[in-house]
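Remarks on the structure that follows.
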Amino acid sequence: MKKGDIFEGVVERLDFPNKGIVKMDGQTVVVKNALPGQQIRFAVTKKRHGKSEGRLLEVLSPAAGEKESGVCPHFGACGGCLYQNLHYEEQLKIKEQQVRALLSEVCDPDACDFEGIKGSPSVDGYRNKMEFSFGDEYKDGPLALGMHRRGSFYDIVTTEECRIVHPDFCRILTATLRYFSAEGVSYHKKLSHTGYLRHLLVRRAVKTGEILAALVTSGQSDGLPREESELLSGWTEVLKNLELDGSFAGILHIVNDSLSDVVQSDQTDILYGRDSFEEELLGLRFRITPFSFFQTNSLGAEVLYDTARSYVGETRDKVVFDLYSGTGTIAQIIAPVAKHVVGVEIVEEAVEAARENAAANGLTNCEFLAGDVLKIIDEISEKPDLIILDPPRDGIHPKALDKIIDFGVDRMVYISCKPTSLARDLVTLQARGYEARKICCVDMFPWTGNIETIVGIQKVSM
């Protein structure tokens, strides 16, 4: 087997997040985006140190659980979804197996109770946030707006019929694309850093139906076909005149001149309404701003946080630290039955929203601090009785994890959106005197390869 060779084989399993495993001539080949049970044709792209990788060329025969109809028309070209062609029950089985396989390598199966996986209450149109990119579908092609093409950093697929968002998202995307295409406005090119249009950010509350739409552009307005203010005013009117199921809370213009492709704000102007919207979760109300962290599946978040709350257990007269707290969702769910809750979050905008949310919900025993967990926890005079961890995808910084462990609390609850990072952090926690006692998965991202995992952690005597 050498680079460039083409083989046919059957995918034995799918390792997290999308690594199809094929055995050929006693060797293991990783072929991304293939499903267990598929017979595939693939080309070897890499062979090093006994490990091989392949590129999927063709699915010769489908897996047993694949759907014959009802697949998103953008599936295969769009890089957003992995399982659009797989029945939902089969997706859940794969995700549960992946997490079991990863965590069984680091957790004592005799001490830990794996409680399986909980599905999302809604599997279509569940996302409450999308960051669409401007670009073209091929070099020098017409303006496109949507998701990155699978495997491409540059090409964009216009996703006018995306299945994982409410139809209002697609209506806003289509109207925006048509407007700026007709105006002849260019998109921002990543290599030359020239051009105007960068992203369209849309957030929509499931419970309230409020919508926040933000056009993200560069500051390069000199080459526009007419005055920037007129152009933005025209776009705003187009959106306001759309027939939507929800209603606009606000329409924004965000200037972002960073060299990276990340969506961020150097300047934000309100074109209509306000710069936030409201969502309801487990009887509480939350104000969400453009860059606030809030779970992208509102109904799934209720399942996630309700499960986390059951893992937290008794909190009466206890001080709880909610680290990586976002807009303070978990903190406010726990607050009514705790003595004091301290949330720490690095995004200042999210912290401000968390404080406002707590006040609006009548919670006086919540405190939210802005800053890096690694630094902030040294400045808190209060000591926790219980710690809740909900870090970003890369997990917890090793030095921050050491400081967290040094608090010596009896119980922690770790909520993870990336099981490989969770497995790494559990190794450290268990080496320092903790055990994973309960594990449950919650599928917050149907049709994609992502999964949330909740772990109840207990201190044990060394």
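For clarity, every value in this text was computed on a predicted model and none was experimentally measured. Heads up: numbering here begins at 1 and tracks the sequence.
- The ring-ring contact (aromatic ring centres under 6.0 Å, His included) analysis of residues 365-411, with sequence neighbours excluded, yields the pairs Phe321-Phe407.
- The side-chain contact (heavy atoms from CB on, under 4.5 Å) test applied to Glu356 returns Arg287, Glu352, not counting sequence neighbours.
- Around the NZ atom of Lys67, the shell of radius 6.0 Å holds more than 12 heavy atoms that belong to other residues, nucleotides or ligands.
- By the side-chain contact (heavy atoms from CB on, under 4.5 Å) test, Asp245 pairs with His166, Asp168, Arg171, Arg204, sequence neighbours left out.
- In terms of modelled atom types and a separation under 3.5 Å, the side chain of Asp385 and the main chain of Thr315 share no donor-acceptor contact.
- Residue Lys190 places its NZ atom among more than 12 non-hydrogen atoms of other residues, nucleotides or ligands, all under 6.0 Å distant.
- Between His188 and His193, the angle of the ring planes lies from 30° to 60°, which puts this pair in the tilted group.
- For residues 365-378, the set of pairs meeting the side-chain hydrogen bond (donor to acceptor under 3.5 Å, both in side chains) definition, not counting sequence neighbours, comprises Asp378-Lys403.
- Residues Thr217 and Phe134 are not in side-chain contact: their nearest non-hydrogen atoms beyond the backbone lie 4.5 Å or more apart.
- At least one side-chain heavy atom of Val263 sits less than 4.5 Å from a side-chain heavy atom of Phe291.
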Pairs of donor and acceptor atoms involving the side chains of residues 329-347, under 3.5 Å and at least two apart or interchain, shall be tabulated with distances.
| from | atom 1 | to | atom 2 | distance (Å) |
| --- | --- | --- | --- | --- |
| Gln332 | OE1 | Ala358 | N | 3.2 |
| Gln332 | OE1 | Asn361 | ND2 | 3.0 |
| Gln332 | NE2 | Thr327 | O | 3.4 |
| Gln332 | NE2 | Gly328 | O | 3.1 |
| His340 | ND1 | Glu382 | OE1 | 2.7 |
| His340 | ND1 | Glu382 | OE2 | 3.3 |
| Glu345 | OE1 | Gly326 | N | 2.8 |
| Glu345 | OE2 | Val347 | N | 3.1 |

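- For the pair Gln264 (side chain) and Asn256 (backbone), a donor-acceptor distance under 3.5 Å is absent.
- Glu348 places no side-chain N or O within donor-acceptor distance of the main-chain N or O of Ala370, the cut-off being under 3.5 Å.
- In this structure, Thr45 contributes its side chain and Glu53 its backbone to a donor-acceptor pair below 3.5 Å.
- By the neighbour-count criterion of 12 heavy atoms within 6.0 Å, atom CZ of Arg393 is densely surrounded, having more than that number from other residues, nucleotides or ligands.
- A heavy-atom distance below 4.5 Å is not found between the side chains of Arg424 and Thr428.
- The side-chain tip of Lys438 points at the ring of Tyr311 from less than 6.0 angstrom away and within 45° of straight on.
- Put simply, the side chain of Asp261 reaches to within 4.5 Å of the side chain of His148, judged on heavy atoms.
- Arg203 places a side-chain N or O within 3.5 Å of a backbone atom of Thr289 that can act as its donor or acceptor partner.
- Residue pairs satisfying the salt bridge (Lys or Arg N to Asp or Glu O under 4.0 Å) criterion with at least one member in residues 77-92, sequence neighbours excluded, are listed as follows: Glu90-Lys93.
- Around the CZ atom of Arg55, the shell of radius 6.0 Å holds no more than 12 heavy atoms that belong to other residues, nucleotides or ligands.
- Salt bridge status for Glu131 with Lys129: present, with a side-chain N to carboxylate O gap under 4.0 Å.
- Distance alone, capped at 3.5 Å, places no donor-acceptor pair between the Glu278 side chain and the Thr208 backbone.
- The side-chain contact (heavy atoms from CB on, under 4.5 Å) check on Leu252 picks up Leu212, Ala214, Thr268, Ile270, Asp275, Pro290, with sequence neighbours excluded.
- Looking at Ile457 and Leu389, their side chains never come closer than 4.5 Å, going by heavy atoms from C-beta outward.
- The shortest side-chain heavy-atom distance between Asp124 and Ile164 does not fall under the 4.5 Å cut-off.
- Annotation: side-chain contact (heavy atoms from CB on, under 4.5 Å) contacts of Asn297 (sequence neighbours excluded): Ser120, Tyr126, Leu299, Met444, Pro446.
- Listed for the Ser292 side chain is no donor-acceptor partner under 3.5 Å among the backbone atoms of Ile288.
- The side chain to side chain donor-acceptor pair (under 3.5 Å) search around Asp110 returns none, not counting sequence neighbours.
- Pairs of residues two or more places apart, or lying in two chains, that qualify as salt bridge (Lys or Arg N to Asp or Glu O under 4.0 Å) and include a residue from residues 146-164 are Glu137-Arg149.
- A salt bridge does not link Asp402 to Lys399: none of the charged side-chain nitrogens sits closer than 4.0 Å to a carboxylate oxygen.
- For residues 290-305, every residue pair satisfying the salt bridge (Lys or Arg N to Asp or Glu O under 4.0 Å) rule, not counting sequence neighbours, is listed here: Lys207-Glu302.
- Counting heavy atoms from C-beta outward, Val373 and Ile396 have side chains that stay 4.5 Å or more apart.
- At least one donor-acceptor pair closer than 3.5 Å links the side chain of Trp447 to the backbone N or O of Val123.
- Between Leu369 and Val351 the shortest side-chain heavy-atom distance does not fall below 4.5 Å.
- Between the Asn450 side chain and the Phe445 main chain, no donor and acceptor come within less than 3.5 Å of each other.
- Looking at Lys95, its side chain never comes within 3.5 Å of a backbone N or O of Gly449 through a donor-acceptor pair.
- Counting only residues at least two apart or on different chains, no ring-ring contact (aromatic ring centres under 6.0 Å, His included) pair has a member in residues 74-111.
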